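Take a look at the structure set out below.
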Amino acid sequence: MNQKYLIPLTTVFLLFLIAYTGVQGAGLQVFFGIVFPYLAVIAFLGGFVYKVFGWASSAVPFRIPTTCGQQKSLPWIKQNCIDNPDTPGKVFLRMLLEIFLFRSLFRNTKAAFNRNESNKLAYSWEIFLWLGALAFHYSLLVVILRHLRFFTAPVPACLTWLEYFDGIIQLGLPGIFISGIVLLAATLFLLARRIFDTKVSYISQAADYFPLFLIIAIATSGIFMRYFTKVDVIGIKTFTMGLVTFSPVIPQGVGGLFYAHIFMVSVLFIYFPLSKLMHMGGVMLSPTRNMANNTRAKRHVNPWNYDVKTHTYEEYEDHFRDKMIEAGLPVDKKE
Amino acid sequence: MSKELTPDEALDKINFTPKSGNWMDTTPSVQIKPGMYCYAAKADSVKTLGLPNARPWNPLEEDWKLPENWQEILHQGIKERLEKFRTFKIFMDVCVRCGACADKCHFFLGTGDPKNMPVLRAELLRSVYRNDFTTAGKILSKIPGGSRLGGGRPLTMEVLKELWYYFFQCTECRRCSVFCPYGIDTAEITIMARELFNLVGLNIDWIATPVSNCFKTGNHLGIQPHAFKDMLDFFVEDIEEITGVDCTPEYQKKGADILFITPSGDVFADPGTYTCQGYLMLFKYLKDKYGLDVTWSTYASEGGNFGFFTSHETMKRLNAKMYAEAKRLGVKWILGGECGHMWRVIHQYMDTMNGPADFLEVPVNPITGTVFENARSTKMVHITEFTADLIKHNKLELDKSRNSNRVITYHDSCNTSRGMGLLDEPRYVINNVCDNFYEMPSNTIREQTFCCGSGSGLNAGENMELRMAGALPRANAVKYVHEKFGVNTLGTVCAIDRAALSTLCEYWVPEVEVYGIHELVGNALILPGEIKRTQDLRMEPLPGMEEE
Ligand code: SF4
Ligand code: SF4
């Protein structure tokens, strides 16, 4: 079997068990509910800031955007303002589309080669990765926003609306939230792709499976609590409000499943800045996307530019003077 | 030298389904294969440039004769570059291995080798970075088997050989970067990797020797000043025979309006030489009609810059000549010929490295009055921008019918499309000098263009199998338009392309010939006082003149 995904799978399973038994068996509510989440949030914030500052402290010596359309040149040639921006405003637009709509991923194609008499390489539009990624990120965002209701009192109106729209398909009691289902489905799709697409599976590391399994476990435990075990929401709200107001309390009658959920979320928080999940910050700083393609129009300064040894014209002429004179080429010094 | 593969044998090898398992297990079995790698740099060339560890060595031999502390040098080198280049640091950190870039690389499409997937190429180095530079990697490396779990590995000799082999199978074309949701540019990672190799003396000769020639003699081919002039004289004679007009250029002329710089490939290698004749004719035309004074220089006689494939520093050392010569001659601005990587260097690096060019004027086309706003600071204009402007203002007399036997398609070169965005200017020129223009399929042109397979200094002779494999996606699209529209001409604005695409066509689509855009301009341009033309610049009969 493939240890690239077996190890992360086992790890996530163990994480769940640790918290569940830790609470159910050993009564470690305070650790899993209070101490660890606080530590996780500190690690997340600290790690995130550290990482972003680390990137920002590296120099940007050259302005090297990847240009994906017509440059701005002669006035009568139509520039591609989004994919080849030359002003900060246009760069902003490119970045918005990149960050919120994954524009580059939208271009994705799939190559196929047919060994027959025409031997054609064919490229077809491949939209599923884009769809899957978009579904995953947006449903995750909605789920996170929805959870803010546990950390705010009174709950802001916009959250109530969000919940209203998220639960618009009224099915059963409590009503179904679309975001949770989509999140789970999209994560499973991304996982399936990683396992069954041979190219992606070949490049995948344990570090790619781990967050997927972790999110699947978090989403599943959440869904379980909401629809099946029907946890005590009032008790949980008392608990979460305690956390944000820095006067934590352990509620009565909330079981191990909830602590396992919180614990896995905390692990995800700690894991985040140490991992590829930092692409969330990286996408905004990526110099091939966030710079204007106007290097010829406006000089870019390299903070560490230094002088180099060159071969000067004088050295060149000294070397070739006779040959140049003989060939009738102009020279600065006749001998 | 390996036995050369036939196109059919090459096609038989293609398979896009990698084996299962962990690629890290395959490192020990990587073998540097003849036909797929370039020869080691000659000690002399490395010495001329004053780069480290000049010595004879052979990639196929066990011992690469590295300095004792090579690991430390490379570790230090990576560390320094992480601080100096935000690109490098971010690209090492944020790849999510989504695989969007995987089948975008021409080398993967042509070889099916999974390590030619851009993401995996980058992972080869990223795995070392994870092990040595990240918090997670450092923690994990303390537990047995931990490094591997985190996708890290120490930099061993085996790993170094794998890195070397595969970073010299990337042409720095940036196609992968177009598709990556974070803009991760494997070309940039390759640039870093090659800088690192140079720190321990692991360059290839096809790069190091042109660089050392260029440094000393002024151009990659090491053409000395008198020989350079001889070549142009030879073109002048040919043009005179064809048109009856003497197009003798100026050299190193102080106070000329414009300094013209083009890759030396145009002066020395067919079919670039015909493009060069096109330039000479254009300048003659502008001189006679409008009094424009253009000068060439034997000192700055190289537009190309293989230093770019060596290190940022070497790139700067070679590039410095352009501004130095423009300053010495006191020209107003610089005009650049048709070339790919030359233009990436000029467009994205030159001003930063060797500017500010405050001794030059903001480029204005004196004939049309157009101010080249997009070159306001760097003060260097691309010749197709210049020619397109002239045509737009009706300043050139052109006879399209002289190109009517050319059914043309256009290859965007990687650097001008993805490192600049020069897409419609050459198309405009083509459409004004020829009638039969057909585009290749949209996934293979403009920003999605496929590399010729020989860029970034990989256009050597000994790695022909690699080059022809990398050329396949481009050739496949050419073949498609050849069969569909009868295309017989592949136009390009790149000197390396002119040589590399010719080899590509000979191998994959022998019915198609490669043309520079200014060769087509030269054919169509009606020179003042010319005789009745019966031949094109290749001295083939013009359409309608075949029987005379
Ligand atoms: S497209 Fe970008 S993020 Fe995805 S695998 Fe390639 S380099 Fe990594
Ligand atoms: S830059 Fe070009 S050659 Fe290099 S990995 Fe990317 S697609 Fe392949």
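Below, chains carry the letters A, B, ... as their sequence lines are ordered, and counting in each starts from 1. Keep in mind the model is a prediction, meaning the values are calculated, not measured.
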When rounded to the nearest 0.5 Å, the distance separating OG1 of B:T298 from NZ of A:K323 is 12.5 Å

Which distance, rounded to the nearest 0.5 Å, do you find between the OG of A:S73 and the NE2 of B:H382?
10.5 Å

Contact part of A:L121 toward chain B, heavy-atom cut-off under 4.5 Å: side chain, backbone, both or neither?
both

A:R194 versus chain B, heavy atoms under 4.5 Å apart: side chain, backbone, both or neither?
side chain

Given a strict heavy-atom distance threshold of 4.5 Å, which part of A:F106 is in contact with chain B: side chain, backbone, both, or neither?
neither

Do you know which of B:T134, B:V119, B:D8 has the most heavy-atom pairs under 4.5 Å to chain A?
B:D8

Check whether B:L82 gets within reach of chain A through its side chain, its backbone, both or neither, counting any heavy atom under 4.5 Å.
backbone

Run A:N302 and B:M353 through side chain to side chain contact (heavy atoms under 4.5 Å, CB included) and show every step you take.
CA-CA 7 Å; A:N302 173 0; B:M353 290 185 307; over 6 Å; no

Any side-chain heavy-atom pair of B:K89 and A:S57 under 4.5 Å
yes

Does the plane of the ring in A:F62 sit parallel, tilted or perpendicular to the ring in B:H312? Use 30° and 60° as the thresholds.
parallel

Which atoms of A:K120 approach chain B - backbone, side chain, both or neither, heavy atom under 4.5 Å:
both

At a heavy-atom separation under 4.5 Å, does A:W125 approach chain B through its side chain, its backbone, both, or neither?
neither

So, the part of B:F450 with a heavy atom under 4.5 Å from chain A: the answer is side chain

How far apart are the closest heavy atoms of B:M420 and A:N293, and which atoms are they?
O-ND2, 2.8 Å

Measure A:W55 against the heavy atoms of chain B and call it side chain, backbone, both or neither at under 4.5 Å.
both

Under 4.5 Å heavy-atom distance to chain B, tell me which part of A:I77 shows up: side chain, backbone, both or neither.
side chain

Checked A:I99, A:L277, A:T109, A:N80 vs chain B; the most non-hydrogen pairs under 4.5 Å come from A:T109

Between A:T67 and B:R418 (side chain of the first, backbone of the second, donor and acceptor by atom type, cut-off under 3.5 Å), is there such a pair?
yes

With the side chain counted from C-beta on, respond yes when A:T310 and B:K316 share a heavy-atom pair under 4.5 Å apart, and no when they do not.
no

If you round to the nearest 0.5 Å, how far is CH2 of B:W23 from CD1 of A:I203?
11.0 Å

What's the separation between atom CD in B:Q348 and atom OG1 in A:T66, rounded to the nearest 0.5 Å?
8.0 Å

By a 4.5 Å heavy-atom criterion (distance strictly below it), what part of A:L274 contacts chain B: side chain, backbone, both, or neither?
both

Who among A:K309, A:K298, A:M278 has the most heavy-atom pairs with chain B under 4.5 Å?
A:K309

I'd like to verify something: which residue of A:F210, A:Y271, A:Y306, A:W130 has the highest number of heavy-atom pairs under 4.5 Å with chain B?
A:Y306

Between B:T217 and A:F320, is the side chain to side chain contact (heavy atoms under 4.5 Å, CB included) condition met? List the steps.
CA-CA 9 Å; B:T217 328; A:F320 291 115; 3.5 Å; yes

Hey, can you tell me if A:Y313 and B:Y299 have their rings parallel, tilted or perpendicular (30° and 60° cut-offs)?
perpendicular

Scan residues 47-69 of chain A for pairs that pass salt bridge (charged side-chain N to carboxylate O under 4.0 Å, His left out), counting only residues two or more places apart or in two chains.
A:K51-B:D93

Considering only heavy atoms, which portion of A:D332 lies under 4.5 Å from any heavy atom of chain B: side chain, backbone, both, or neither?
side chain

Using a strict cut-off of less than 4.0 Å between a Lys/Arg side-chain nitrogen and an Asp/Glu carboxylate oxygen, indicate whether B:D12 and A:R115 qualify as a salt bridge.
yes

Residues A:V331, B:Q252; criterion side chain to side chain contact (heavy atoms under 4.5 Å, CB included); working and verdict
CA-CA 8 Å; A:V331 285; B:Q252 273 103 302; over 6 Å; no

Could you give all pairs that pass the side chain to side chain donor-acceptor pair (under 3.5 Å) test and reach residues 272-287 of chain A, with sequence neighbours left out?
A:D208-A:K276, A:S286-A:T288

Do the side chains of A:Q79 and B:N374 get nearer than 4.5 Å, heavy atoms only?
no

Side chain, backbone, both or neither: which part of A:E98 has a heavy atom under 4.5 Å from chain B?
side chain

Drop me the distance from A:Y202's OH to B:R97's CZ, to the nearest 0.5 angstrom.
14.5 Å

Side-chain contact, heavy-atom cut-off 4.5 Å: A:L74 with B:K392?
no

Out of B:L11, B:L120, B:N443, B:D185, return the one with the most heavy atom pairs under 4.5 angstrom to chain A.
B:L11

Measure distances from B:A388 to the heavy atoms of chain A and classify the residue's part below 4.5 Å as side chain, backbone, both or neither.
both

Tell me, for A:N84 versus chain B, whether the close heavy atoms (under 4.5 Å) come from the side chain, the backbone, both or neither.
side chain

Give, as side chain, backbone, both or neither, the part of A:A112 having an atom under 4.5 angstrom from any heavy atom of chain B.
backbone

Does any heavy atom of chain A fall under 4.5 Å from the side chain of B:N22, the backbone, both, or neither of them?
both

Could you tell me whether A:R296 and B:E385 make a salt bridge, using a distance below 4.0 angstrom between a side-chain N and a carboxylate O?
yes

Test log, rule side chain to side chain contact (heavy atoms under 4.5 Å, CB included), inputs A:T295 and B:Y349
CA-CA 8 Å; A:T295 328; B:Y349 296 92; over 6 Å; no

Any side-chain to backbone donor/acceptor pair from A:N108 onto B:F179? Under 3.5 Å, distance only.
no

Please look at B:A324 and chain A and tell me whether the side chain, the backbone, both or neither of the residue comes under 4.5 angstrom of a heavy atom of that chain.
neither

Taking the side chain as every heavy atom from C-beta outward, state whether B:F85 and A:P287 have any atom pair closer than 4.5 Å.
no

Ignoring hydrogens and angles, tell me if any N or O in the side chain of A:K199 forms a donor-acceptor pair with the backbone of B:A102 under 3.5 Å.
no

Quick check: do A:H300 and B:D351 have side-chain heavy atoms less than 4.5 Å from each other?
no

Can you tell me which portion of A:P65 sits under 4.5 Å from chain B's heavy atoms? Options are side chain, backbone, both or neither.
both

Are any of the side-chain heavy atoms of B:Q448 and A:Y123 separated by less than 4.5 Å?
no

Tell me, side chain or backbone of A:V200 under 4.5 Å from chain B's heavy atoms, or both, or neither?
side chain

Turns out that what part of B:T444 lies under 4.5 Å from chain A's heavy atoms comes down to side chain

